[in-house]
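Here the structure comes first, spelled out in structure tokens, and everything after it is commentary.
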Amino acid sequence: MTTSTDHPSTRPLALVTGVGRTVGIGAGIARRLAASGWDIAFTYWTPYDERMSWGVEAGAMSAITDTLTEHGAAAVAVEADLSDPDAPARVFDEVGRGPGGVTALVMCHCESVDSGLLDTTVESFDRHFAVNARATWLLIREYGRRFAAAPGSGRIIALTSDHTVHNLPYGASKGALDRITLAAAHEFAHLGITANVVNPGPVDTGWMTEEVRAQVLGQTPLNRLGTPQDTAHLVDFLCSPEGQWINGQLLLSNGGFA
């Protein structure tokens, strides 16, 4: 674990998972929340980036932390393998501080390997469900058990996807994530916590080919690609007092992509 500061803070704390690269959606959300007055704890997992096509971004953790502190936020980075069922509790142990602990849980982590009905392996299928579904449940469970912030201030937000064709384990496990997250809107109602799912649609964070970019542009009325900032603005609103009446929803933030 690395932390930017050890001094007490009066800012609420948001835990953002899956913040591994400066160009990612998770990093965009963390920056937006820091600018809005939140302290930020975030998780990352280097071995995931190592085996993906984009690779590990050198210096990303320092760059992300520096950006957060420039907005006045205390920043805590925790490397966590969320396929390990013990990891969510360890993350909360490391980032929890003060009487309120984590006020907002924003889950951007994922396992995402393209494969279809015929070529998905059992190992890949199980890993997708361990990271995208089981870890989401365990993070939400841990958050609910430890929640001590003011009633009405709690927020759970998870990023999802409806892509399933040739992306079977990712899409199927994200479908499970939806149901797990939305259950919290009712089961945690007595704690004054809202829970929502956000589908950002296709956002180019370095994975799109020119062919994919052209296809996405042709299917989006505004004729541009989605950005991490687009998603971050919606998450920021949901985490704000003005967003407290939005609850138990699956929200599309995709520019009309169809």
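Since this is a predicted model, take the numbers as computed values, not measurements.
Among all heavy-atom pairs drawn from Val102 and Tyr143, the shortest one is O-CE1, 3.4 Å. Across all their heavy atoms, Pro200 and Ile25 have their closest contact at CG-CD1, 4.2 Å. Taking all atoms of both residues into account, the shortest heavy-atom contact from Ala60 to Gly20 is CB-O, 3.7 Å. The two atoms that bring Trp54 and Asp49 nearest to each other are NE1-OD1, 2.9 Å, heavy atoms only. Shortest non-hydrogen contact noted between Pro88 and Leu138 is CG-CB, 3.6 Å. Contact between Val19 and Tyr44 at its shortest, heavy atoms only, is O-CB, 3.5 Å.
Panel note: side chain Thr120, backbone Leu117; no donor-acceptor pair is recorded below 3.5 Å. Within the 3.5 Å criterion, the main-chain N or O of Glu123 finds no donor-acceptor partner in the side chain of Asp126. In this structure, Arg11 contributes its side chain and Trp38 its backbone to a donor-acceptor pair below 3.5 Å. No donor-acceptor pair closer than 3.5 Å links the side chain of Arg155 to the backbone N or O of Thr103. For the pair Thr43 (side chain) and Gly18 (backbone), a donor-acceptor distance under 3.5 Å is present. With Ser240 contributing its side chain and Phe237 its backbone, the two residues share a donor-acceptor pair below 3.5 Å. A donor-acceptor pair under 3.5 Å is formed between the side chain of Thr220 and the backbone N or O of Val216.
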Exercise. What's the verdict on side chain to side chain contact (heavy atoms under 4.5 Å, CB included) for Leu13 and Val76, showing C-alpha distance, side-chain angles and the deciding distance?
Worked result: CA-CA 10 Å; Leu13 175 64; Val76 179; over 6 Å; no
For this session: Decide yes or no on salt bridge (charged side-chain N to carboxylate O under 4.0 Å, His left out) for Arg51 and Glu111, but give the supporting numbers first.
Result: CA-CA 11 Å; Arg51 59 185 170 83; Glu111 173 74 13; 2.6 Å; yes
For this session: Check the pair Asp114, Tyr170 against side chain to side chain contact (heavy atoms under 4.5 Å, CB included), reporting the backbone distance first and the verdict last.
Result: CA-CA 7 Å; Asp114 293 347; Tyr170 178 70; over 6 Å; no
Problem set entry | Working for side chain to side chain contact (heavy atoms under 4.5 Å, CB included), residues Leu82 and Thr136 | CA-CA 9 Å; Leu82 292 176; Thr136 297; over 6 Å; no
For this session: Applying side chain to side chain contact (heavy atoms under 4.5 Å, CB included), run through Leu139 and Phe92 and close with a yes or a no.
Result: CA-CA 8 Å; Leu139 285 162; Phe92 273 87; 4.0 Å; yes
Exercise. Could you walk me through whether Asp93 and Arg146 pass the salt bridge (charged side-chain N to carboxylate O under 4.0 Å, His left out) check?
Worked result: CA-CA 10 Å; Asp93 286 342; Arg146 303 183 188 217; 2.8 Å; yes
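The side chain to side chain contact (heavy atoms under 4.5 Å, CB included) test with His128 singles out one residue from Cys110, Ser115, Ser173, and that residue is Ser173. Evaluated for a side-chain hydrogen bond (donor to acceptor under 3.5 Å, both in side chains) with Thr160, the options Asn132, Asp178, Asn199 yield exactly one hit, Asp178.
Other residues, nucleotides and ligands contribute more than 12 heavy atoms inside 6.0 Å of the CD atom of Gln229. Residue-environment remark: CZ (Arg213) exceeds the threshold of 12 foreign heavy atoms within 6.0 Å. Counting non-hydrogen atoms of neighbouring residues, nucleotides and ligands closer than 6.0 angstrom, the CD atom of Glu50 exceeds 12 such neighbours.
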For residues 26-34, tabulate all N or O donor-acceptor pairs below 3.5 Å that involve a side-chain atom, not counting sequence neighbours.
residue : atom : partner : partner atom : Å
Arg31   : NH1  : Thr22   : O            : 3.2
Arg31   : NH2  : Thr22   : O            : 3.3
Arg32   : NE   : Asp236  : OD2          : 3.3
Arg32   : NH2  : Ser36   : OG           : 3.4

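With 3.5 Å as the limit, one finds no donor-acceptor pair spanning the side chains of Glu211 and Thr209. Residues Thr227 and Asp230 bring a donor and an acceptor atom of their side chains to less than 3.5 Å of each other.
Looking only at side-chain heavy atoms (C-beta outward), Ile40 and His71 stay at 4.5 Å or farther from each other. Contact annotation: the side chain of Val23 never approaches that of Pro228 to less than 4.5 Å [non-hydrogen atoms, C-beta and beyond]. Counting heavy atoms from C-beta outward, Leu225 and Pro202 have side chains that stay 4.5 Å or more apart.
At a threshold of 4.5 Å between side-chain heavy atoms, the hydrophobic network of Ile, Leu, Val, Met, Phe, Trp and Tyr places Val131 and Leu159 in two separate groups. No continuous path of hydrophobic side-chain contacts links Leu250 to Met107 [ILVMFWY only; heavy atoms under 4.5 Å]. Transitive grouping of hydrophobic side chains (ILVMFWY, heavy atoms separated by less than 4.5 Å) keeps Leu177 and Ile157 in distinct clusters. Under a hydrophobic-cluster definition in which Ile, Leu, Val, Met, Phe, Trp and Tyr are linked whenever side-chain heavy atoms come within less than 4.5 Å, directly or via other members, Val197 and Trp137 are assigned to different clusters.
By the 30° and 60° cut-offs, the orientation of the rings of Phe188 relative to His190 is perpendicular.
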